[in-house]
Amino acid sequence: MQEKYAPADIEQAAQRRWEDSAAFRAVEDPAKPKYYCLSMFPYPSGKLHMGHVRNYTIGDVLTRYHRMRGFNVLQPMGWDAFGLPAENAAMANGVPPAQWTYDNIAYMKKQLKSLGFAIDWGRELATCRPEYYKWNQWLFLRMLEKGLAYKKTQVVNWDPVDQTVLANEQVIDGRGWRTGAAVEKREIPGYYLAITQYADELLGALDRLPGWPERVKTMQANWIGKSHGVRFAFPYELDGRREKLWVFTTRADTIMGVTFCAVAAEHPLASTAARGNPALAAFIEECKQGSVMEADMATMEKKGMPTGVFVSHPLTGEKIEVWVGNYVLMGYGEGAVMAVPAHDERDFGFAKKYGLPIKQVIDIPGQPFSLDAWQEWYADKENGRCVHSGKYDGLGLAAAVDAIAADLQAKDLGGKQVTWRLRDWGISRQRYWGCPIPLIHCERCGTVPVPDDQLPVALPEDCVPDGAGNPLNKREDFLNCACPKCGGAARRETDTMDTFVDSSWYYSRYASADNHRAMVDARVKYWLPVDQYIGGIEHAILHLLYSRFWTKAMRDLGLVDFDEPFSRLLTQGMVLNETFFRKPAAGRIRYYNPADVELKFDDKGNRIGAVLKEDGEPVESGGIGTMSKSKNNGVDPQALIERYGADTARFFMMFASPPEQTLEWSDSGVEGSYRFLKRLWSYCARFGPSAVAEASAKESAKESPKAARFEIHAALKQANYDFARFQFNTVASAAMKILNALERCGGGRHAVSEEGLSILLRLLSPITPHICDHLWRELGFGDDILHAPWPEPLEAALAQDEVELVLQVNGKLRGAVKVPADAAKKHIEAAALASEIALKYMEGKAAKKVVVVPGRLVNIVV
RNA sequence: GCCGGGAUGGCGGAAUUGGUAGACGCAGCGGACUCAAAAUCCGCCGCUGGAAACAGUGUGGGGGUUCGACUCCCCCUCCCGGCACCA
């Protein structure tokens with residue numbers, strides 16, 4: 001065996017062997033329990049980053065662990081290949097997005113392979129391939145038939161940088177999720193998927209996902225935003241016509257306190273009233289411009305203007321003035337609200353500002369009501385009772401709402417209603433590099449779906465976008481087609497689908513990726529749902545909500561028979577690194593890569609500063625943050641693998657912190673992981689034939705084989721416990737403990753080292769598969785460690801004759817007592833009381849009570 | 001403001017769920033090997049006092065329950081993440 005650990009050689013050899021033997025090809029086998037382990041597929045941006053390495057290592061550790069546990073495991077990989085970075089790259093260097101994308105895929109695939117992931121590459125897919133997106137189009141047409149997809153023109157979020165529409169989910173703090181550009185409002189026609197039809201199920205089913213992190217479920221529930229209330233109308237007359245102003249409220253019990261109404265700037269009543277009222281028209285225009293563009297909408301000053309329109313209170317008939325308010329959102333409820341300034345903080349502020357009346361209708365005895373300032377209790381839902389509300393006086397919230405809803409219903413002016421925050425999913429994008437929407441516009445027949453037998457509508461792959469709109473609009477060969485209905489000349493739709501459509505069902509496609517006649521086939525029944533999904537928390541709403549919706553839509557179309565796509569979800573933490581910078585007296589702040597910085601410590605190991613290696617001059621620390629280009633604190637996985645090998649990279653990733661937590665990068669931590677693998681290697685290199693070993697073992701041993709064996713099995717027991725709860729950092733520690741124990745009981749081959757090393761290699765093989773594969777063969781443990789059974793701790797090894805119990809006096813640790821492992825409580829008590837330590841600390845007092853915890857401790861209370 | 005998650009040595013993090021706090025590793029200090037350095041190996045390493053034995057103290061702060069609390073309960077401080085004119 002080679003003296004020195006040379007990761008590059010053994011890793012390539014192992015990877016070649018796995019590839020040649022198709023070791024990770026997954027085949028449906030009803031006799032075995034299946035385990036579908038999926039990591040979120042990457043966008044082919046160019047090269048892997050540390051987040052990818054962490055994500056896929058977690059997935060691979062779980063994959064390999066379950067394989068050895070006897071599961072039939074599927075771990076596929078693919079590419080989320082449509083999207084805007086490809087178009088931006090095309091504009092920058094004139095290469096068609098398709099070519100850029102395929103080149104990136106080729107490079108990143110090579111990188112993934114060099115990390116030794118147990119992936120079934122036979123199922124690889126890329127969403128930009130027609131054989132994949134054909135089924136996007138096919139399913140879109142089925143949704144269209146069912147009314148689940150539809151066209152409408154409405155005010156949408158427009159990203160001025162990416163030149164496209166964004167879904168509500170893609171707008172964060174008023175800015176585009178990708179570009180960070182302030183989103184504008186535009187009225188544009190587009191196609192929508194009726195995700196709101198599934199709002200109730202999407203919300204309710206969250207309770208049936210015990211394997212999902214609580215915070216992801218909370219975020220989804222908040223996003224869906226179910227709210228119970230009353231929808232009712234204020235009747236009014238305008239230009240001689242009888243109209244109704246509909247509003248929604250969760251506080252119908254305060255209806256008698258309404259002193260005005262407010263509508264959104266985009267509300268039809270506002271536009272009607274603005275005719276012949278230039279001041280109002282100007283104000284409406286100001287609201288439309290400003291509102292969504294302001295990132296700090298919440299703190300924005302409340303502004304309004306009266307419309308001059310008066311409506312009637314539905315219960316009292318009182319005249320109520322309607323205002324336009326910049327705080328009313330067109331996208332929620334009816335885009336109009338009843339205003340009860342006495343019991344709603346926003347309405348209160350608005351009424352004070354414009355001198356509108358405030359009428360108290362809720363009271364809590366003992367709490368004084370004053371018009372001077374808003375009090376928290378004014379909006380108290382639990383303790384408030386109706387006052388000044390006629391027949392409703394004395395009622396609490398629930399009873400008042402019931403009574404008022406019934407009265408409104410009797411007048412045919414409304415009733416109870418559930419309102420959702422969730423909006424339908426707008427999927428039209430005015431971009432080139434995406435899946436074409438399979439529709440044809442005919443002057444005679446209108447919009448006509450592309451017939452199934454003409455799918456896919458293929459996207460030309462040779463376009464080079466120039467930044468001036470969608471290049472498809474200039475492609476006559478794409479645009480011109482025959483109307484499927486009348487056969488006349490027609491034009492294709494040039495909008496493409498949101499790329500989140502592509503990723504909403506790829507996990508199902510892996511199960512039947514080679515079937516070009518159906519979207520999914522029977523094999524989906526075997527593999528799906530995904531048993532373990534792993535990815536970043538940033539997809540908590542977008543991708544994970546869309547996928548859940550898509551699954552339910554596919555189910556209702558009879559394509560799959562499961563309700564939820566991902567049984568368990570692991571959201572891995574981000575990879576962080578420290579930032580270092582210098583801020584010159586004049587000029588811009590400059591960031592230095594941590595690799596070029598040397599840390600300074602005092603004699604006690606306390607950090608006292610950092611200097612740039614190049615010039616020895618100090619740099620400032622900007623704290624720990626996500627790896628990013630702008631902060632120059634990224635670490636390239638490629639360099640890491642080339643220097644230390646994939647096993648070291650994988651081990652460090654698992655060891656540095658538990659998978660759900662953030663991981664702080666540390667060069668010396670990587671060094672430590674490498675050191676451990678080198679130690680493992682050199683231990684194995686000395687693992688000679690038994691006769692020689694026996695003697696040398698006795699000589700060098702610092703610990704008895706029996707004690708070492710106990711430690712090894714105890715560490716294994718802990719590791720198995722931690723594997724089951726996905727705490728891989730302590731699994732890695734356990735492996736280190738086992739090697740420490742092996743080294744303590746002497747080198748060479750003997751009964752304990754043979755057993756211990758066989759345990760260690762198997763335990764470690766999901767994390768560092770290459771070195772374990774090599775050593776397993778080299779030392780003659782067997783043919784292929786992939787087929788070795790998972791190690792289990794033996795009771796016999798864990799049995800002890802004598803145990804040491806902690807001895808406490810009055811709860812304070814004072815020493816220890818040794819007793820036989822099977823000693824009765826009585827004997828332990830007697831032994832403890834008789835011990836020197838007990839006599840010393842009891843100071844002659846009598847024991848009041850003795851607590852014995854078997855196997856743990858004795859506490860004497862005096 | 002609301003919801004969720006946190007706070008443990010110089011650092012990353014353990015503590016099998018109420019039973020020896022600081023496992024494992026990093027950094028640091030001392031030593032061996034070396035002409036020297038790197039690599040490797042051995043030892044020490046929460047804080048305070050002490051030469052040491054040892055004693056005291058210690059899991060963000062304060063109180064409580066318990067023989068015993070990082071862990072459970074109440075109050076407070078700070079940090080991170082999400083949502084937020086949602087009517």
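Note that the structure is a prediction, hence the values are computed from the model and not measured. Below, all heavy atoms of this structure are taken into account, side chains as well, without hydrogens, waters or symmetry copies. So that the names make sense, note that chain A is the first sequence line, chain B the second, and so on, each numbered from 1.
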Between Glu711(A) and Lys737(A), does at least one N-O distance fall below 4.0 Å, as a salt bridge requires?
->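 Salt bridge: no.
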
Below 4.0 angstrom, N of the basic side chain to O of the carboxylate: do Lys217(A) and Asp207(A) qualify?
->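 A salt bridge is absent here (no side-chain N lies under 4.0 Å from a carboxylate O).
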
Roughly how many Å is it from [atom1] in [X] to [atom2] in [N], rounded to a whole number?
{"X": "Leu663(A)", "N": "rG12(B)", "atom1": "CG", "atom2": "C1'", "answer": "9 Å"}
{"X": "Lys812(A)", "N": "rC54(B)", "atom1": "NZ", "atom2": "C1'", "answer": "15 Å"}
{"X": "Leu742(A)", "N": "rC24(B)", "atom1": "CG", "atom2": "P", "answer": "15 Å"}
{"X": "Arg643(A)", "N": "rA39(B)", "atom1": "CZ", "atom2": "P", "answer": "11 Å"}
{"X": "Asn810(A)", "N": "rU20(B)", "atom1": "CG", "atom2": "C1'", "answer": "17 Å"}

Is the phosphate of [N] approached by [X] (side-chain N or O, under 4.0 Å from OP1 or OP2)?
{"X": "Lys678(A)", "N": "rU40(B)", "result": "yes"}
{"X": "Arg421(A)", "N": "rA84(B)", "result": "yes"}
{"X": "Gln727(A)", "N": "rA15(B)", "result": "yes"}
{"X": "Arg675(A)", "N": "rC26(B)", "result": "yes"}
{"X": "Gln661(A)", "N": "rG13(B)", "result": "yes"}

Non-hydrogen atoms of [X] and [Y] that approach each other most closely:
{"X": "Leu640(A)", "Y": "Trp665(A)", "result": "CD2-CH2, 3.7 Å"}
{"X": "Ser227(A)", "Y": "Tyr332(A)", "result": "OG-OH, 3.5 Å"}
{"X": "Cys261(A)", "Y": "Ile320(A)", "result": "N-CG2, 3.8 Å"}

With respect to the side chain of [X], which nucleotide from [options] is positioned closest?
{"X": "Arg346(A)", "options": "rU40(B), rA87(B), rG19(B)", "value": "rA87(B)"}
{"X": "Tyr841(A)", "options": "rA84(B), rA55(B), rA27(B)", "value": "rA55(B)"}
{"X": "Arg814(A)", "options": "rA87(B), rA55(B), rA27(B)", "value": "rA55(B)"}
{"X": "Arg679(A)", "options": "rG13(B), rG25(B), rG81(B)", "value": "rG25(B)"}
{"X": "Tyr332(A)", "options": "rG13(B), rU40(B), rC86(B)", "value": "rC86(B)"}
{"X": "Leu329(A)", "options": "rG12(B), rA87(B), rA84(B)", "value": "rA87(B)"}
{"X": "Tyr721(A)", "options": "rA84(B), rG13(B), rU16(B)", "value": "rU16(B)"}
{"X": "Ser657(A)", "options": "rA27(B), rG13(B), rC67(B)", "value": "rG13(B)"}

Can you list the stems that RNA chain B is part of, where a stem is at least 3 pairs in a row, each Watson-Crick or G-U, with both distances below 3.5 Å?
->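 Counting only runs of 3 or more consecutive pairs, the stems involving RNA chain B are B:1-7 with B:77-83, B:10-12 with B:24-26, B:28-32 with B:40-44, B:46-49 with B:54-57, B:60-64 with B:72-76.
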
Taking atom types as modelled and ignoring hydrogens, do the side chains of Glu664(A) and Ser657(A) form a donor-acceptor contact shorter than 3.5 angstrom?
->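 Distance-only check fails for Glu664(A) and Ser657(A).
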
Between Tyr721(A) and Gln727(A), is any side-chain donor less than 3.5 angstrom from a side-chain acceptor?
->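 There is no such pair between these side chains.
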
Would you say the side chain of Asn859(A) and the base of rC67(B) hold a donor-acceptor pair, judged only by whether the two atoms sit under 3.5 Å apart?
->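 A donor-acceptor contact between them is present.
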
Measure distances between side-chain N and O atoms of Lys849(A) and base N and O atoms of rC67(B), and say whether any donor-acceptor pair falls under 3.5 Å.
->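 Flag unset: no donor-acceptor pair detected.
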
Take the angle between the ring planes of Trp374(A) and Tyr378(A) and call it parallel below 30°, perpendicular above 60°, tilted in between.
->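 Perpendicular: the ring planes of Trp374(A) and Tyr378(A) meet at over 60°.
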
Parallel, tilted or perpendicular: which fits the ring planes of Phe728(A) and Phe726(A), with parallel below 30° and perpendicular above 60°?
->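 If you compare the ring of Phe728(A) with that of Phe726(A), the planes turn out parallel.
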
Report the residues that fulfil side-chain hydrogen bond (donor to acceptor under 3.5 Å, both in side chains) with Asn222(A), sequence neighbours left out, ordered by chain and then residue number.
->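 Residues passing side-chain hydrogen bond (donor to acceptor under 3.5 Å, both in side chains) with Asn222(A): none at all.
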
RNA chain B contacts made by residues 729-740 of chain A, counting heavy atoms under 4.0 Å =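 Close to the strand are Asn729(A), Thr730(A), Ser733(A), Met736(A), Lys737(A), Asn740(A).
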
Apply the test side-chain hydrogen bond (donor to acceptor under 3.5 Å, both in side chains) to residues Glu671(A) and Tyr644(A): give CA-CA distance (whole Å), side-chain angles for both, the deciding distance (0.1 Å), then the verdict.
-> CA-CA 8 Å; Glu671(A) 205 60 67; Tyr644(A) 298 100; 2.8 Å; yes

For Ser668(A) and Gly333(A), take the nucleotide of RNA chain B holding the closest heavy atom to each; which residue's nucleotide lies nearer the 5' end?
->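 The residue closer to the strand's 5' end, by nearest nucleotide, is Ser668(A).
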
